[in-house]
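A short worksheet on the structure shown next.
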Amino acid sequence: MSAALDSLLDLLDLEPIERDIFRGTSRSAVVPRVFGGQVAAQALVAAGRTVPADRAAHSLHAYFLRAGDPGAPIVYSVDRIRDGKSFTTRRVVAVQHGQPIFHLSASFQTYEDGLEHQADMPSSPDPETLPTAAEMLPRYADRFSDPGMVDRLIEARAAVDLRYVDAPPFGTVGEAREPRSQVWFRTNGKLADDPLLHVCMATYVSDMTLLDSVLLAHGLGGWAVGDVVGASLDHAMWFHRPFRADEWLLYDQESPSASGGRGLGQARIYTADGRLAITVIQEGVVRVPR
């Protein structure tokens with residue numbers, strides 16, 4: 001296991017303060033605020049720790065309310081909304097400096113058999129043939145005004161092996177492309193056999209690239225380049241089938257719409273053998289500075 005992954009796992013191992021109250025810390029991010037995927041993953045950890053082990057997370061719906069302060073702890077308060085025969089529902093509020101910064105509702109279900117069908121996995125190259133972040137990012141160093149940006153991007157993704165199928169938005173600035181993007185990802189090391197951990201890790205990664213397709217449609221480079229400002233607004237995920245976040249997953253993303261200073265991204269995450277594991281939808285603020 002890489003040191004970066006070990007550090008991320010420590011970040012997700014929340015400190016219990018009181019019944020249904022947990023405390024988490026943050027790590028440095030590319031932008032001077034708490035990374036949204038971190039808050040979402042930590043909130044799901046908090047919810048999951050109040051749920052029986054035989055009930056797996058099957059969906060989450062969340063709103064990002066305020067930018068998080070990476071220098072202050074985050075307190076997660078869990079509300080036990082419902083414990084039914086098959087489903088369990090939890091609500092989590094993340095608080096910093098006395099104000100809510102994030103709100104999550106999550107649902108968990110006992111395993112049961114049912115109808116089966118899924119969308120086919122799209123074609124994509126073997127992830128082992130694609131460059132790693134450490135190999136790819138230095139190629140675009142001249143796109144960033146900040147000379148330390150490449151190192152910060154590599155550090156931010158050190159716990160996860162994330163590989164772009166095509167050039168990222170900052171690789172084709174000024175060139176409008178089809179609003180679709182694919183990345184392969186897996187953790188940089190093996191994880192314990194804990195289904196909640198794998199779901200939380202996928203939640204963490206899901207916020208890294210989902211709005212890329214919005215940028216591609218307009219030839220914009222993104223937050224690291226500085227031709228866009230914005231932030232995640234809301235985030236929803238549905239976990240359809242078991243998966244491991246330490247094995248290759250294909251993140252197939254597209255943007256059906258951008259308007260009113262907002263952009264929408266939607267995606268499907270497949271296992272390497274073609275099983276549809278997760279559906280993701282996110283809307284974010286996407287503004288071009290004047």
[X] vs [Y] side-chain heavy atoms within contact, under 4.5 Å:
{"X": "Y76", "Y": "V93", "result": "no"}
{"X": "R152", "Y": "R157", "result": "no"}
{"X": "S255", "Y": "L211", "result": "no"}
{"X": "T25", "Y": "D10", "result": "no"}
{"X": "T88", "Y": "R80", "result": "no"}
{"X": "S213", "Y": "R180", "result": "no"}
{"X": "V280", "Y": "Y251", "result": "yes"}
{"X": "F108", "Y": "P52", "result": "no"}

Can you see which heavy atom on [X] is nearest to which on [Y], and at what distance?
{"X": "F239", "Y": "A57", "result": "CB-O, 3.6 Å"}
{"X": "V92", "Y": "A47", "result": "CG2-CB, 3.7 Å"}
{"X": "R139", "Y": "P131", "result": "NH2-CB, 3.8 Å"}
{"X": "G230", "Y": "W223", "result": "N-NE1, 3.1 Å"}
{"X": "F102", "Y": "A43", "result": "CE2-CB, 3.6 Å"}
{"X": "A277", "Y": "T271", "result": "CB-CG2, 4.3 Å"}

Donor-acceptor pairs under 3.5 Å, side chain of residues 164-171 to any protein atom, not counting sequence neighbours: which ones?
| residue | atom | partner | partner atom | Å |
| --- | --- | --- | --- | --- |
| Y164 | OH | D212 | OD2 | 3.0 |

Donor-acceptor contact present, side-chain [X] to main-chain [Y], <3.5 Å:
{"X": "Q253", "Y": "L210", "result": "yes"}
{"X": "R91", "Y": "D79", "result": "no"}
{"X": "Q42", "Y": "L11", "result": "yes"}
{"X": "R90", "Y": "T50", "result": "yes"}
{"X": "Q118", "Y": "G274", "result": "yes"}
{"X": "D246", "Y": "T187", "result": "no"}
{"X": "Q38", "Y": "F35", "result": "no"}
{"X": "D227", "Y": "L220", "result": "no"}
{"X": "W184", "Y": "D126", "result": "no"}
{"X": "R241", "Y": "L276", "result": "yes"}

Please tell me whether [X] and [Y] are part of a single hydrophobic cluster in this structure, the criterion being side-chain heavy atoms less than 4.5 Å apart.
{"X": "L249", "Y": "L60", "value": "yes"}
{"X": "L233", "Y": "L264", "value": "no"}
{"X": "I101", "Y": "V285", "value": "no"}
{"X": "L216", "Y": "M136", "value": "no"}
{"X": "V45", "Y": "V95", "value": "no"}

Distance-only criterion, 3.5 Å: show the donor-acceptor pairs between side-chain atoms of residues 195-206 and protein atoms not counting sequence neighbours.
| residue | atom | partner | partner atom | Å |
| --- | --- | --- | --- | --- |
| H198 | ND1 | A245 | N | 2.9 |
| H198 | NE2 | A192 | O | 2.9 |
| T203 | OG1 | V199 | O | 2.9 |
| S206 | OG | T203 | O | 2.7 |
| S206 | OG | H235 | NE2 | 2.9 |

What's the spacing between [X] [atom1] and [Y] [atom2] if we round to 0.5 Å?
{"X": "Q266", "Y": "I281", "atom1": "CD", "atom2": "CD1", "value": "5.5 Å"}
{"X": "R49", "Y": "L14", "atom1": "CZ", "atom2": "CG", "value": "5.5 Å"}
{"X": "T279", "Y": "W238", "atom1": "OG1", "atom2": "CH2", "value": "7.5 Å"}
{"X": "F243", "Y": "D273", "atom1": "CZ", "atom2": "CG", "value": "13.5 Å"}
{"X": "I278", "Y": "S59", "atom1": "CD1", "atom2": "OG", "value": "12.5 Å"}

- Test side chain to side chain contact (heavy atoms under 4.5 Å, CB included) on T132 and R163 and set out the steps. CA-CA 5 Å; T132 65; R163 306 190 185 192; 3.5 Å; yes
- Message: I'd like to know if E128 and R186 make a salt bridge, using a cut-off of under 4.0 Å between side-chain N and carboxylate O.
- Response: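 Salt bridge flag = yes for R186 with E128.
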- N-O pairing of R268 and D120 below 4.0 Å: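 Salt bridge flag = no for D120 with R268.
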- Task: Apply the test side chain to side chain contact (heavy atoms under 4.5 Å, CB included) to residues E247 and K190: give CA-CA distance (whole Å), side-chain angles for both, the deciding distance (0.1 Å), then the verdict.
- Result: CA-CA 8 Å; E247 297 178 353; K190 298 299 288 183; 4.3 Å; yes
Identify every side-chain donor-acceptor pair in residues 61-74 under 3.5 Å, counting partners at least two apart or on other chains, and give the distances.
| residue | atom | partner | partner atom | Å |
| --- | --- | --- | --- | --- |
| R66 | NH1 | P100 | O | 2.6 |
| D69 | OD1 | G71 | N | 2.9 |
| D69 | OD2 | H97 | NE2 | 3.0 |

- Start with the C-alpha distance between D207 and S232, add both sets of side-chain angles, then the distance that settles side chain to side chain donor-acceptor pair (under 3.5 Å), and finish with yes or no. CA-CA 8 Å; D207 191 40; S232 303; 3.0 Å; yes
- Message: If you apply the rule side chain to side chain contact (heavy atoms under 4.5 Å, CB included), what do you find for L191 with L5, and how did you get there?
- Response: CA-CA 9 Å; L191 300 175; L5 178 56; 4.1 Å; yes
